[in-house]
> 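Have a look at this one.
Side-chain atoms are counted along with the backbone in the values below, which use heavy atoms only and exclude waters and symmetry mates. Protein chains get the first letters and strands the later ones, always in sequence-line order, with residue 1 at the start of each.
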Amino acid sequence: MTMLLLSPQPTTAFSAAASSLSRLLLPLPRHNFVVPPVSSLAIAAVSTATGDPIYAVDSRPSAINSRPDLALRLLALMRRQGLLPDQQNYTLVLQSLLHSPDPPDPSLLSLLSSDLRSVRLEPDARLLSDLIVAFSRAADPDAALSVLAQTQAQGITPKFSAAVELISALGNSGRVDEAEAIFAELRHWGLQPRTRAYNALLKGYVKTGALKDAEQVLDEMEHCSVAPDERTYSLLIDAYTNAGRWESARILIKEMEMNDVRPNSYVFSRILASFRDKGEWQRSFAVLREMRNNGIHPDRHFYNVMIDAFGKYNCLHHAMDAFDQMRADGIVPDVVTWNTLIDAHSKAGRHDQAMKLFEEMEMSGLAPCTTTFNIVINSLGEQERWEEMKELFQRMREKGLLPNVGKFDDAAPLYTGGRRSFISVMQTTHF
DNA sequence: TTAGGGTTAG
């Protein structure tokens with residue numbers, strides 16, 4: 001039998017997880033101690049017998065992947081039936097969180113792990129490793145470290161992938177010393193770090209701007225005969241560019257070629273963004289040239305950065321040229337492309353053009369997102385077109401999008417004499 | 001499989 005139980009509304013979005021969770025965390029019923037742990041499959045029979053209004057669906061892991069709401073509902077349902085979840089149930093929930101495109105919610109994870117403690121279930125290697133990965137991805141390395149400590153206290157070696165995720169998370173929060181310590185620990189577990197583990201460590205050094213340490217990682221990789229891949233080089237190129245060492249970056253690009261590692265559009269968009277942030281938008285052309293010399297076609301992200309780089313420095317003509325070139329290359333502009341263009345024109349005071357682009361965007365069939373609305377509403381505010389602003393707020397509301405009220409409140413005094421008008425728009429728009 | 005990176009407002 002492969003059935004998963006759902007309450008009605010099986011398509012409810014992730015927000016449903018929150019309400020499931022409150023039920024999930026209700027104290028266990030008193031009779032619980034006589035109920036043995038059961039697997040999720042067994043729940044189907046029990047719940048069906050109780051006549052709960054449930055739907056039975058395919059519960060192969062593929063059906064639950066990326067559906068933490070479903071997994072949490074399952075746990076909640078079990079709790080309602082007074083059943084003790086087992087390892088598999090928690091693994092199912094964690095797997096669904098890990099397969100979801102969004103990083104796991106840290107508060108959800110800590111509730112889940114305290115729930116795990118409350119049922120006095122001793123987690124196995126799989127569950128512990130999944131917890132380390134989940135906390136690492138939720139940018140909570142402290143929690144991940146404490147699970148690692150628990151793992152080692154139980155005499156269990158965590159999965160290598162979990163350790164690498166933790167190194168990555170530590171590096172991301174600038175805690176390179178601890179990342180280094182875990183990296184050293186890998187060898188004690190009798191496993192040789194390979195490219196991916198090195199890259200995780202490298203990321204930390206790049207993040208903190210520790211260029212010397214980053215270079216040393218590359219040296220050590222060579223010493224241990226571990227081949228750098230495209231990401232290894234990209235990380236270092238990114239670091240060099242940020243440090244203004246464009247020549248070093250170019251040397252690395254050449255080195256990539258010699259080692260048959262192909263650079264891609266990603267690393268060039270990072271270089272471009274770095275120049276943009278330094279105010280060196282003119283170098284965009286050189287970056288494009290360098291790219292073409294390497295036989296790499298700019299992709300949508302690259303064009304978006306390029307349009308932004310021109311837009312930020314008032315070069316609307318170049319921005320529009322890049323936009324045209326992008327479409328000539330057969331790349332369909334996305335919502336970010338349009339937002340960037342609209343904002344660039346609005347910031348330059350060319351509101352008519354901004355509005356025209358907004359119309360064009362909608363005509364192309366793309367739906368405006370929260371950022372689009374914010375950009376256009378700001379532009380309307382600059383023009384003191386309060387009625388149209390109100391219409392846009394209404395449209396946002398209809399789409400279930402929430403404006404960033406605090407931001408507009410701050411911005412309101414900027415609209416000459418417009419604060420009162422702005423507030424009246426906000427007050428007469430009911431979200 | 002020892003991850004998996006980039007862009008837009010404020």
Side-chain angles (χ1 to χ4, degrees), chain A residues 98 101 103 129 132-133 136-137 157-172 182-183 185-187 189-204 206-207 226 229-239 241-242 263-274 276-277 298-312 319 322-323 326 331 333-347 354 357 361 366 368-379 381-382 401 403-412 414:
Chain A
L98 294 177
S129 291
I132 292 171
V133 174
S136 300
R137 290 206 194 149
T157 301
K159 279 166 56 180
F160 209 111
S161 56
V164 173
E165 291 264 7
L166 180 51
I167 291 169
S168 192
L170 286 165
N172 273 336
I182 308 273
F183 186 86
E185 193 98 337
L186 295 178
R187 291 210 173 86
W189 300 340
L191 293 156
Q192 278 305 312
R194 299 208 302 261
T195 309
R196 293 172 178 208
Y198 279 102
N199 286 352
L201 183 65
L202 186 59
K203 197 160 86 174
V206 169
K207 194 103 187 168
V226 176
D229 63 6
E230 182 265 329
R231 282 161 203 258
T232 318
Y233 286 115
S234 292
L235 281 163
L236 213 52
I237 289 169
D238 205 7
T241 317
N242 283 331
N264 58 25
S265 194
Y266 161 79
V267 73
F268 287 100
S269 78
R270 297 291 300 153
I271 292 169
L272 191 58
S274 176
R276 176 199 59 195
D277 296 342
D299 66 2
R300 183 182 287 126
H301 273 262
F302 183 89
Y303 273 120
N304 286 347
V305 179
M306 190 152 144
I307 291 168
D308 188 46
F310 290 136
K312 285 262 190 317
F323 182 58
M326 174 183 187
I331 298 171
D334 67 356
V335 69
V336 177
T337 317
W338 289 104
N339 291 350
T340 309
L341 267 182
I342 296 168
D343 192 50
H345 284 87
S346 166
K347 288 267 167 53
L357 286 163
M361 170 189 180
L366 262 181
C369 67
T370 306
T371 304
T372 320
F373 281 116
N374 283 338
I375 290 167
V376 177
I377 285 170
N378 256 321
S379 172
E382 296 283 349
L401 300 175
N404 185 341
V405 178
K407 172 203 149 190
F408 289 111
D409 201 35
D410 289 347
L414 297 176

> Taking atom C1' of dT7(B) as reference, at what distance in whole Å does atom CG of Asp334(A) sit?
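Checked: the CG to C1' distance equals 8 Å.
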> Measure from CE on Met326(A) to P on dT7(B) and round the result to the nearest Å.
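Met326(A) atom CE is separated from dT7(B) atom P by 15 Å.
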> From the list dT2(B), dG5(B), dA9(B), which nucleotide is the closest neighbour of the side chain of Asn264(A)?
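Minimum distance to the Asn264(A) side chain belongs to dG5(B).
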> Given 3.5 Å as the limit, does a donor-acceptor pair link the side chain of Ser129(A) with the main chain of Lys159(A), or not?
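Indeed, once roles are kept as given, a pair shorter than 3.5 Å links the two residues.
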> Distance check needed: dG6(B) P versus Asn339(A) CG, whole Å only.
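Computing the Asn339(A):CG to dG6(B):P distance gives 18 Å.
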> Just by modelled atom types, is the Ile375(A) backbone N or O under 3.5 Å from a matching donor or acceptor in the Ser379(A) side chain?
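Checked: no pair found.
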> Which of these nucleotides, dG6(B), dA9(B), dT7(B), is closest to any side-chain atom of Val305(A)?
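Given the options dG6(B), dA9(B), dT7(B), the side chain of Val305(A) is closest to dT7(B).
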> For Thr195(A), which contact category applies under a 4.0 Å heavy-atom criterion: base, sugar-phosphate, or nothing?
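Thr195(A): no heavy atom of the nucleic acid under 4.0 Å.
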> If I take atom CD1 in residue Ile331(A) and atom C1' in nucleotide dG6(B), what distance separates them, rounded to the nearest angstrom?
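For the pair Ile331(A) CD1 and dG6(B) C1', the rounded distance is 14 Å.
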> Report the distance from atom CD of Glu230(A) to atom P of dG5(B), rounded to the nearest whole Å.
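One finds 12 Å between P of dG5(B) and CD of Glu230(A), rounded.
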> Kindly say if Thr371(A) contacts the phosphate of dG10(B), meaning a side-chain N or O under 4.0 Å from OP1 or OP2.
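Thr371(A) to dG10(B) OP1/OP2: no side-chain N or O under 4.0 Å.
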> What does Arg194(A) touch in the nucleic acid at a heavy-atom separation under 4.0 angstrom: a base, only the sugar-phosphate, or nothing?
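Base, at least one base atom sits under 4.0 Å.
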> Round to a whole Å and report the spacing from CG of Leu366(A) to C1' of dT8(B).
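From Leu366(A) CG to dT8(B) C1': 13 Å.
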> Where the side chain of Ile375(A) is concerned, which of dT2(B), dG6(B), dA9(B) is the nearest nucleotide?
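The answer is dA9(B).
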> For Asp238(A), answer base if it contacts any base atom (sugar-phosphate contacts may also be present), sugar-phosphate if it contacts only those atoms, and nothing otherwise; contact means non-hydrogen atoms under 4.0 Å.
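Since no nucleic acid heavy atom lies under 4.0 Å of Asp238(A), the category is nothing.
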> For the residue pair Asn304(A) / Asp334(A), report whether a side-chain donor-acceptor contact shorter than 3.5 Å exists.
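There is such a pair (donor and acceptor under 3.5 Å, judged by atom type) between the side chains of Asp334(A) and Asn304(A).
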> Taking atom C1' of dG5(B) as reference, at what distance in whole Å does atom NE2 of His301(A) sit?
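Value for this atom pair: 10 Å.
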> Which nucleotide in the list dT2(B), dA3(B), dT8(B) gets nearest to the side chain of Asp308(A)?
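Selected nucleotide: dT8(B).
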> Check whether Ser346(A) reaches the backbone of Ile342(A) with its side chain - one donor and one acceptor, N or O, closer than 3.5 Å.
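Not a single qualifying donor-acceptor pair exists.
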> Should Arg276(A) be listed as having a side-chain N or O under 4.0 Å from OP1 or OP2 of dG6(B)?
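Answer no for this pair, as no side-chain N or O of Arg276(A) is under 4.0 Å from OP1 or OP2.
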> Taking the P atom in each of dG5(B) and dT1(B), what is the distance between them to the nearest angstrom?
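Rounded to whole Å, the distance is 15 Å.
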> Within less than 4.0 Å of OP1 or OP2 of dG10(B), is there a side-chain N or O belonging to Lys347(A)?
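Yes, because at least one side-chain N or O of Lys347(A) sits under 4.0 Å from OP1 or OP2 of dG10(B).
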> Would a distance-only check, ignoring hydrogens and angles, find a side-chain to backbone donor-acceptor pair under 3.5 Å from Ser168(A) to Val164(A)?
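The answer is no, because no donor-acceptor pair under 3.5 Å joins these two groups.
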> Between the main-chain N or O of Asp238(A) and the side-chain N or O of Asn242(A), is there a donor-acceptor pair closer than 3.5 Å?
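Side chain of Asn242(A) to backbone of Asp238(A), a donor-acceptor pair under 3.5 Å: yes, one is there.
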> Checking contacts here: which listed nucleotide (dT7(B), dA3(B), dG10(B)) is nearest the side-chain heavy atoms of Lys203(A)?
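The listed nucleotide nearest to Lys203(A)'s side chain is dA3(B).
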> Nearest of dG6(B), dT8(B), dA3(B) to any side-chain atom of Val164(A)?
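Nearest listed nucleotide: dA3(B).
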> Provide, to the nearest angstrom, the distance between the CG atom belonging to Asn242(A) and the C1' atom belonging to dG5(B).
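After rounding, the gap between these two atoms is 13 Å.
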> Tell me whether the side-chain N/O atoms of Lys159(A) come closer than 4.0 Å to OP1 or OP2 in dA3(B).
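No, Lys159(A) has no side-chain N/O under 4.0 Å of OP1/OP2 on dA3(B).
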> Is any N or O donor-acceptor pair between the side chain of Asn304(A) and the base of dG6(B) shorter than 3.5 Å?
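Checked by distance alone, the answer is no.
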